[in-house]
Amino acid sequence: MPKVYDFTHMLWNKIKRDPSAWAHTSYISKDDIVVFVVGPTGSGKSWFTKAATKSDLVRVSRDSHPFTGEVQAIRCELNEEAKTKLQEGVKSIIFVDTPSFLTGYDHPDANKEIRRWLSRTEYQPRSVGVIYMHRVETDPAHEPMRNHLKEFAGIIPQIGDGHLPQRAHIVISYDKTSSNISESKITERRSKLCTEMASLGKFRWQPSIHQRLFQGEPEVAWKAVEELFSD
């Protein structure tokens with residue numbers, strides 16, 4: 001049985017037995033890993049967060065208009081066996097679903113909302129990483145990844161150098177219910193993302209890309225998280 005399925009199954013068992021295993025959170029300790037989910041409007045940030053956490057608290061929209069107006073931070077507590085799959089001493093993963101930057105709309109103001117959340121949150125995580133979502137139907141040239149990550153990096157330094165994310169793992173989303181795209185076009189979009197990914201190393205990021213398309217599967221979401229924090 002694949003490693004990631006074991007991990008996901010263990011987490012689901014924990015949530016099923018104890019509904020308090022996931023909840024909105026404003027306290028992040030040295031026993032926690034933080035995953036910021038970042039990307040353009042409609043890229044699948046909330047969809048990914050909902051799949052990973054299996055939480056009905058996460059609101060999801062397929063509309064291209066900005067839907068996530070505030071930070072949604074969901075805690076997933078891990079059981080003893082699941083903890084061994086990540087870093088030693090980790091008890092929980094906090095998924096932070098963020099509003100989109102560079103939307104062209106006055107509301108929501110992602111910079112303001114993320115700063116507000118940080119100011120209200122006790123924040124001392126063990127490790128921090130970024131899942132960058134990109135919708136496969138969108139040409140990467142129209143939504144440059146570096147622009148969104150630059151906006152995000154401009155906010156995070158206020159919380160201290162010890163907790164700055166450096167890893168950015170790209171996940172490509174594809175909602176077959178709303179569009180149909182050819183394999184050749186998917187390959188082309190992936191290639192463009194890989195080209196842009198290579199340039200991110202000039203800045204602060206250590207980029208990587210998940211090989212499977214995310215289509216709402218929790219096991220794909222968790223595999224991406226596992227890769228994000230792998231050595």
Side-chain angles (χ1 to χ4, degrees), residues 7-8 10-11 14-15 18-39 45-46 48-50 52-55 57-58 68-101 108-133 148-171 200 203-208 221-222 224-231:
F7 183 28
T8 308
M10 287 184 288
L11 179 67
K14 170 67 176 176
I15 292 174
D18 179 9
S20 67
W22 50 259
H24 280 288
T25 185
S26 59
Y27 174 74
I28 298 173
S29 77
K30 58 183 175 58
D31 297 325
D32 299 326
I33 280 177
V34 175
V35 177
F36 284 97
V37 187
V38 178
K45 298 185 299 297
S46 298
F48 180 94
T49 304
K50 188 179 183 70
T53 62
K54 294 198 73 181
S55 171
L57 297 176
V58 182
T68 302
E70 59 185 19
V71 171
Q72 301 184 91
I74 308 294
R75 174 185 299 276
C76 287
E77 295 181 3
L78 307 178
N79 65 23
E80 292 304 315
E81 190 174 359
K83 292 172 189 175
T84 66
K85 303 293 183 179
L86 292 173
Q87 300 173 4
E88 184 178 355
V90 171
K91 294 182 179 179
S92 303
I93 297 180
I94 315 296
F95 289 87
V96 183
D97 179 22
T98 63
S100 299
F101 299 102
D109 184 332
N111 287 270
K112 179 179 178 181
E113 292 302 326
I114 296 173
R115 290 180 190 277
R116 177 183 297 167
W117 177 77
L118 287 169
S119 70
R120 296 175 178 177
T121 301
E122 188 170 343
Y123 186 89
Q124 297 179 329
R126 178 176 298 269
S127 297
V128 184
V130 170
I131 292 288
Y132 181 86
M133 300 298 299
H148 290 270
L149 290 175
K150 180 180 179 181
E151 290 288 325
F152 176 74
I155 296 173
I156 299 302
Q158 70 170 310
I159 63 180
D161 290 341
H163 309 303
L164 297 179
Q166 292 183 317
R167 295 287 301 276
H169 199 42
I170 304 160
V171 176
L200 291 177
F203 303 98
R204 57 172 297 157
W205 301 100
Q206 300 170 18
S208 53
W222 275 100
V225 171
E226 189 178 343
E227 292 171 349
L228 175 62
F229 292 103
S230 64
D231 295 331

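For clarity, every value in this text was computed on a predicted model and none was experimentally measured. Nothing fancy with the numbering, it's 1 onward along the sequence.
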Quick one: [atom1] on [X] to [atom2] on [Y], what's the gap to the nearest 0.5 Å?
X	Y	atom1	atom2	result
D31	Q124	CG	CD	10.5 Å
Y132	W205	OH	CH2	11.0 Å
M133	H148	CE	NE2	13.0 Å
I74	S92	CD1	OG	12.5 Å
C76	I33	SG	CD1	12.0 Å
S29	E122	OG	CD	8.5 Å

Under the 3.5 angstrom rule, does the side chain of [X] hit a backbone N or O of [Y] as a donor-acceptor pair?
X	Y	value
T98	V71	no
R75	I94	no
K45	G39	yes
R167	L228	yes

[X] versus [Y], closest heavy-atom pair with distance:
X	Y	answer
S208	H169	OG-ND1, 2.6 Å
A52	W222	O-NE1, 2.7 Å
G154	R115	O-NH2, 3.5 Å

Quick check: do [X] and [Y] have side-chain heavy atoms less than 4.5 Å from each other?
X	Y	answer
V35	F229	yes
I155	L118	yes
P99	I114	yes

Notebook entry, point to check: Any ion pair linking D97 and K50 (charged N to carboxylate O, less than 4.0 Å)?
Noted result: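 Result for this pair is no, no salt bridge flagged.
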